[in-house]
Protein chains: 2
Amino acid sequence: MPIRPAPPRSEAELWSRARSLAGLSLAHLATDDGCTVPDKLLHAKGWVGQLLERRLGASAGSKDEPDFQALGIELKTLPVDRTGRPCESTFVCTIPLLDVAGTEFEQSRVRRKLNRVLFVIVEGSRDIPVANRRIGEPLLWSPSEQEESLLKQDWDELTGIIGRGEIESITGHLGNAMQVRPKARDSHARRRGLDEDGVVVARMPRGFYLRATFTRAILERSFVLPLP
Amino acid sequence: MPIRPAPPRSEAELWSRARSLAGLSLAHLATDDGCTVPDKLLHAKGWVGQLLERRLGASAGSKDEPDFQALGIELKTLPVDRTGRPCESTFVCTIPLLDVAGTEFEQSRVRRKLNRVLFVIVEGSRDIPVANRRIGEPLLWSPSEQEESLLKQDWDELTGIIGRGEIESITGHLGNAMQVRPKARDSHARRRGLDEDGVVVARMPRGFYLRATFTRAILERSFVLPLP
DNA sequence: TTGGATCCATTTTTGGATCCCA
DNA sequence: TGGGATCCAAAAATGGATCCAA
């Protein structure tokens with residue numbers, strides 16, 4: 001009988017659940033869940049995140065809503081290396097190419113998603129078998145004034161370029177805390193976007209991502225330690 | 001071995017294929033296609049249309065493109081009663097609620113879809129078992145000046161109302177040739193639309209439909225006769 | 001190291017239309 | 001009778017992310 005709890009009724013309850021997972025292996029969680037651990041994540045890239053959604057009682061699949069709807073909290077798994085540093089960027093959301101230019105950061109999906117985030121640390125080193133990887137400490141984060149300011153700067157720069165129809169000139173190099181990278185099935189995927197003249201044309205779908213250096217700073221500020 | 005022809009290379013070839021189907025039953029086409037005929041269309045409302053797409057070599061599933069892409073021709077099955085009159089309205093396309101107001105009829109999806117249409121007449125009387133219903137004569141149609149004028153009048157009236165955010169006040173009664181009706185899973189479905197203040201709100205998805213009286217007039221003008 | 005590319009499951013949208021009760 | 005409601009399959013979008021070559 002899989003463990004599938006109801007949504008947590010308070011932040012405290014969610015926090016307590018998340019802390020109780022620290023130290024457990026993915027194999028342990030998978031057994032509780034009644035699912036099997038994939039050998040590699042290559043063909044199951046979202047597996048860890050979805051496993052934790054079920055275990056923590058996130059209301060799955062809700063669209064443009066926080067994972068814990070009633071609490072306004074977003075869940076993100078954060079894979080770290082042996083030194084406790086994030087080894088991947090963190091996907092935030094896809095970019096609505098047609099209307100993003102007219103949106104202020106304060107009203108944006110990025111701001112809403114990041115308003116309150118439960119980061120669950122997970123071992124992510126490639127040489128640890130997926131089944132043996134352990135859950136670490138959780139971290140409940142809201143952007144500090146400084147972090148918010150960094151994100152807003154990146155938002156203004158990046159959406160400005162997109163609004164001028166110059167998204168094709170954006171590379172992952174832009175942005176200090178947040179970057180724009182492809183978010184698609186493959187490099188041939190296209191969706192509707194704007195060109196330099198404001199005409200609707202086919203563009204590669206892209207998303208906003210938090211840089212690993214940014215989430216690393218968050219962990220350090222909170223004194224989140226490496227797993228022993 | 002199902003009959004699945006390549007796309008027709010010319011209008012003449014498509015016309016010839018369509019004419020060769022006249023008189024055949026849906027059971028006959030289904031056998032050729034390697035599929036089975038549903039008892040009722042209640043749970044297979046698009047079945048006849050999709051059967052004919054495959055039989056005529058339409059490039060299936062292409063988005064916002066004519067069914068016969070290279071030829072610029074759209075395929076529509078047209079169910080008729082025993083007197084040869086259309087017994088249903090004809091769906092044209094869904095309504096992009098956010099941008100439809102700024103579009104001139106000449107540039108609209110409606111105009112593009114209807115630029116050249118292959119109507120394939122099919123018996124549609126409910127008391128004829130689906131399997132026994134026969135294909136009738138095809139008709140290649142482009143709007144006459146008068147028909148185009150009628151459609152443009154309806155377009156201007158309907159999109160004007162939508163642009164003012166008053167789509168909730170539109171009923172199927174409006175429009176002489178073309179009307180706006182729900183196009184959704186059910187009456188609870190919602191997508192993004194505009195309210196009276198231009199604010200994005202949840203609205204029922206709707207589509208443009210040609211009235212049966214309009215397609216009836218097209219058949220009569222072309223002397224398309226009832227099936228014997 | 002990391003920016004560009006890619007992978008899966010699930011939900012939403014689109015395109016094919018017909019049903020059915022007031 | 002026909003306007004409002006509904007049905008299905010397939011494609012596209014979204015949300016979960018990690019892979020990997022330079």
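Throughout, a chain's letter reflects where its sequence line sits, starting with A, and its residues are numbered from 1. Because the structure is predicted, anything quoted here is derived from the model rather than measured.
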| task | Check whether any side-chain N or O of B:R206 sits under 4.0 Å from OP1 or OP2 of D:dG4, and answer yes or no. | result | no
| Would you say A:H43 reaches C:dC8's phosphate, i.e. side-chain N/O to OP1/OP2 under 4.0 Å? | yes
Please enumerate all protein N or O atoms sitting under 3.5 Å from an N or O of nucleotides 20-22 of chain D, with distances to 0.1 Å.
none

Whole-Å distance between [N] [atom2] and [X] [atom1]?
X	N	atom1	atom2	result
A:R185	C:dC8	CZ	C1'	10 Å
B:D127	C:dC19	CG	P	12 Å
A:L98	D:dA13	CG	C1'	13 Å
B:R54	C:dG16	CZ	P	13 Å

| Expected output: side-chain A:T171 to main-chain A:H173 donor-acceptor under 3.5 Å | yes
| Is B:S59 reaching over with its side chain to a backbone N or O of B:F68, donor-acceptor style, under 3.5 angstrom? | no
| request: Identify, with sequence neighbours excluded, every residue that meets ring pair (Phe, Tyr, Trp, His ring centres under 6.0 Å) alongside A:F91. | output: A:Y209
I'd like a list of close polar pairs between nucleotides 15-17 of chain D and the protein, N/O only, cut-off under 3.5 Å.
from	atom 1	to	atom 2	distance (Å)
D:dG15	OP1	A:D64	N	3.3
D:dG15	OP2	A:R109	NH2	2.9
D:dG15	N7	A:K183	NZ	3.1
D:dG16	OP1	A:D67	OD1	3.0
D:dG16	OP1	A:D67	OD2	3.4
D:dG16	OP1	A:E74	OE2	3.2
D:dG16	OP2	A:K76	NZ	3.4
D:dG16	O6	A:K183	NZ	2.4
D:dG16	N2	A:G46	N	3.4
D:dA17	OP1	A:T77	N	3.2
D:dA17	OP1	A:T77	OG1	2.8
D:dA17	O5'	A:T77	OG1	3.4
D:dA17	N6	A:Y209	OH	2.7

| query | According to the Watson-Crick and G-U wobble definition with distances under 3.5 Å, which dot-bracket string, read 5' to 3', encodes DNA chain D, using [ ] for crossing pairs and | for pairs with another strand? | reply | ||||||||||||||||||||||
| request: Among A:R82, A:R134, A:R133, find the one that has a side-chain hydrogen bond (donor to acceptor under 3.5 Å, both in side chains) with A:E123. | output: A:R134
| query | Does anything in residues 131-143 of chain B reach DNA chain C, meaning a heavy atom under 4.0 Å, and if so which residues? | reply | none
| note | Comparing B:R192 with B:T90, nearest DNA chain C nucleotide closer to 5' gives the residue B:R192
| Which sits closer to the 5' end of DNA chain C, B:R191 or B:S89, going by the nucleotide each is nearest to? | B:R191
| remark: With sequence neighbours left out, the residues meeting salt bridge (Lys or Arg N to Asp or Glu O under 4.0 Å) with B:R17 are B:E13
| query | Heavy atoms under 4.0 Å, any strand shown: does A:R190 hit a base, just sugar-phosphate, or nothing? | reply | sugar-phosphate
| query | Given B:V224 and B:I121, is the side-chain contact (heavy atoms from CB on, under 4.5 Å) satisfied, shown in steps? | reply | CA-CA 9 Å; B:V224 174; B:I121 311 298; 4.2 Å; yes
| Atom pair CE/CG of B:M204 and B:L97 - distance to nearest 0.5 Å | 11.0 Å
